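Presented below is the structure to which this report refers.
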Amino acid sequence: MVAFGKKLKERQIEEWQGYYINYKMMKKKVRQYAQHIEIGAQDRRHVLKDFSRMLDNQIEKVVLFLLEQQGLLASRIAKLGEQQEALQEQSDIYQISELREAYRTVGRDLLKLLYFVEINAIGLRKILKKFDKRFGYQFTNYYVKTRANHPYSQLQQVFKHVGIGAVVGALSRNLGELQDRQGSYISIYDQPPLPLQDSVIDSMKAAVDRLTHSTNFLNFLAQHALILQEELPAPIDEHAEDQSYHFMSLMLNLANTFLYMVNTYIIVPTADDYALSLGAAATVCGIVIGAMAVAQIFSSVYFSAWSNKSYFRPLVFSSIVLFVGNIMYALAYDLDSIAVLLAGRIFCGLGSARAVNRRYISDCVPLKIRMQASAGFVSASALGMACGPALAGILQYNFKIYKFTFNEETLPGWVMAVAWLVYLMWLWFSFKEPSHEVEANETPQESNSEPAEGDALEDGIKTPLLISSEIKELDEDGDDECRGSDEAPEESRQAATSLRSAYRLLTPSVKVQLLIYFMLKYAMEILLSESSVITTYYFSWSTSSVAIFLACLGLTVLPINVIVGNYICNMFEDRQILLASEIVVCIGILLSFHVFIPYSVPQYVISGLIMFVSAEVLEGVNLSLLSRVMSSRLSRGTYNGGLLSTEAGTIARVVADSTITLAGYLGDSKLLNVTLLPSLFICISSIIATLCTYNSLY
């Protein structure tokens, strides 16, 4: 295999060779740093300072040359603009044709400059990754945050490329005005939707999109959804992505996510009363709530496999099963059957299509808006979590129609059945099944994210220019180099074919992150699922009061994620936030214990809020770290990283709900402390595990 540094040198534009980043020199420096630290000749702090200074110098060299070339291009465009003004009152077709060709020449030179910026951005990405991997330090995060957010940042020129956008805009406008539209010179601003029929403009736009993709590693947002991509994704043809993207289909997937979360939590405030109405103990609510999670353990696997071949059919099946499940849940009251009640919740769990929703965003949403789609997935989940209990608080009615009872216990089932029926009709008429042509030529397990580069080329996906394929080759060589020589490239791209093989790919750091995810989901499920029983026993709260409390907890999700994403993550490393959040969760659990008599509302509400908010912070940071330390082989296929995290969280919910029901046999007076003890034990274990792997979290 040809090394990335050699490929980089071969692909350099000859007359600009002195202005590229010196990848070979920096790679040599990284090896020297490792040797010096090993023998004690340099400490880590000195290495970080020296490497930062070297990177600053290399980026400054690239940026100053970039600005110089942009100035030259702008000067040429200005002179051509003067010639264009002189032609406004003439209709010399020959001169107009020459002027258009001159603009195209500038466009081709701009493409060379874009190529220059892109391979420098790739080189910068590779060397930062190499440094992080060699030293087990989150240097990339530190370097980007300190440089990119500074008012005098030169790194901004590399990944924002504002000046280049202005040059592209000037060329597009002038070529648009010269374009022959039945003798009329119409500005692109007058008719923006009208595309310019010019290959140079198309090539420039494609190059800018690829450049945005190449520098996309600098953005660490939207990880909460854990929609994994390959470790170092290769730029792909944006046009091919756009063909599979359909806005309404994305909205339908987000609506499915929202409705499912509403369906999950709408019964929480009334589940204990429903169990009592059917002759069972109030604590059986744990089994009633958890039955949905039990079924979801299995449904996540078959929905993930099914989405290899289709997205529409799994969503239709999901809607039908959820409709039937909610009807059964509502009818259990009139049938006086706890078995029908549990069967209805199991049916609802079997309709969990969250794996399909994640998969659709990963496969079919263009890279340039995938971050927004991932954020939409998280927002829809959070909104559904808040709306579920709030809706239960509103449904305080009691009446009969024919032989069917409609009250606060059955109305959640009836309302959700109607909601899924309306959704099914919307889905049937509006969803557009994306093409699966690429996946058809691969094994079914290898279609979770964008096709590998070799597969894309074999399937005929062509880039606008030869230089784009050269950049792809550079990017791929760099990826293989970063993976090391222990694993062949073909083998390294092979997706896991079973849960067992996926588990073998988990490193100790990933296992710790999954343990943390299990812990936080367990603690949150204990808090939410037993809230109705606990507040009724200690405070005699009504269903409406419980619903308001749970809705307020759900409404904290989005504001907390905004604060963490915009502020806290800019001040501290992710691993620092991770450890601090675990400790605060532990404090929240300790404050929740019933040690002092009487147990007061302020103690319950404050401790619950501390536990829930810190768990939400922990979840966002945990999934962000998990997406970075997880193997790239788990970014695709049926048994992918998203499925593993979903299974870990679902199993945690099942265990938590089972704990509530089992603890109920000891009596309501002991329920709180008995269910909190496992939460405390798991939380302390996760803190210890985090401390043991702290240095490997980068």
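Source: prediction; values computed, not measured. FYI, the numbering just counts along the sequence from 1.
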Practice problem: Check whether any side-chain N or O of Q83 sits under 3.5 Å from a backbone N or O of L99 as a donor-acceptor pair, and report yes or no. | Solution: no
Self-check item: Stepwise salt bridge (Lys or Arg N to Asp or Glu O under 4.0 Å) test for E433 and K309
Solution: CA-CA 10 Å; E433 181 74 86; K309 299 180 180 179; over 6 Å; no
Quiz prompt | Spatial distance of atom CG (L110) from atom CG (L114) [nearest 0.5 Å] | solution = 4.5 Å
Quiz item: Is a side-chain donor or acceptor of K61 paired with a backbone partner of I21 at a separation under 3.5 angstrom?
Solution: no
Self-check item: Non-hydrogen atoms of S307 and V356 that approach each other most closely
Solution: CB-CG2, 4.3 Å
Quiz item: Are K130 and M26 side-chain neighbours, meaning at least one heavy-atom pair lies under 4.5 Å?
Solution: no
Practice problem: Go through R53 and D56 one step at a time and tell me if the salt bridge (Lys or Arg N to Asp or Glu O under 4.0 Å) criterion holds. | Solution: CA-CA 5 Å; R53 181 186 55 80; D56 289 340; over 6 Å; no
Quiz item: Among all residues two or more places apart in sequence or in another chain, which pass the ring-ring contact (aromatic ring centres under 6.0 Å, His included) test with F51?
Solution: F131, F139
Quiz item: Looking at M251 and W426, what are the two nearest heavy atoms and their distance?
Solution: O-CH2, 4.4 Å
Quiz item: Under 4.5 Å between any side-chain heavy atoms of W16 and Q69, yes or no?
Solution: yes
Quiz item: Looking only at heavy atoms, what is the nearest atom pair of F377 and T257, with distance?
Solution: CE1-OG1, 3.5 Å
Exercise. Go through the steps for Y103 and Q84 under the test side chain to side chain donor-acceptor pair (under 3.5 Å), then give the verdict.
Key: CA-CA 11 Å; Y103 274 121; Q84 187 172 340; 2.8 Å; yes
Exercise. Please tell me if the side chains of K29 and M54 come closer than 4.5 Å, counting only heavy atoms from C-beta onward.
Key: yes
Self-check item: Trace of the side chain to side chain contact (heavy atoms under 4.5 Å, CB included) decision for V62 with V117
Solution: CA-CA 8 Å; V62 171; V117 176; 5.9 Å; no
Self-check item: Distance (rounded to the nearest 0.5 Å) between R104 CZ and D109 CG
Solution: 14.5 Å
Quiz item: Are any side-chain N or O atoms of Y360 and backbone N or O atoms of A355, one a donor and one an acceptor, separated by less than 3.5 Å?
Solution: no
Quiz item: CG/N357 to CG/L250 distance, rounded to the nearest 0.5 angstrom?
Solution: 10.0 Å
Quiz item: How far apart are the C-alpha atoms of N120 and Y19, what are their side-chain angles, what is the distance that settles it, and do they pass the side chain to side chain donor-acceptor pair (under 3.5 Å) test?
Solution: CA-CA 10 Å; N120 276 292; Y19 302 101; over 6 Å; no
Quiz item: Once you round to the nearest 0.5 Å, how far does CG of L383 lie from CG of L555?
Solution: 8.0 Å
Exercise. Compute the ring centroids of Y311 and F431, then answer whether they are less than 6.0 Å apart.
Key: no
Exercise. Could I get the full list of salt bridge (charged side-chain N to carboxylate O under 4.0 Å, His left out) partners for E82, not counting sequence neighbours?
Key: none
Self-check item: Evaluation steps, side chain to side chain donor-acceptor pair (under 3.5 Å), between R354 and S381
Solution: CA-CA 10 Å; R354 287 173 65 83; S381 299; 3.2 Å; yes
Quiz item: Any side-chain heavy atom of K126 sitting closer than 4.5 Å to one from K27?
Solution: no
Quiz prompt | With R31 via salt bridge (charged side-chain N to carboxylate O under 4.0 Å, His left out) - residues at least two apart | solution = none
Quiz item: Which pair of non-hydrogen atoms, one from S249 and one from S430, has the smallest distance, and what is that distance?
Solution: OG-O, 4.4 Å
Quiz prompt | Euclidean distance, E619 CD relative to I560 CD1, rounded to 0.5 Å | solution = 13.0 Å
Self-check item: Straight-line distance of L427 CG to N256 CG, nearest 0.5 Å
Solution: 8.0 Å
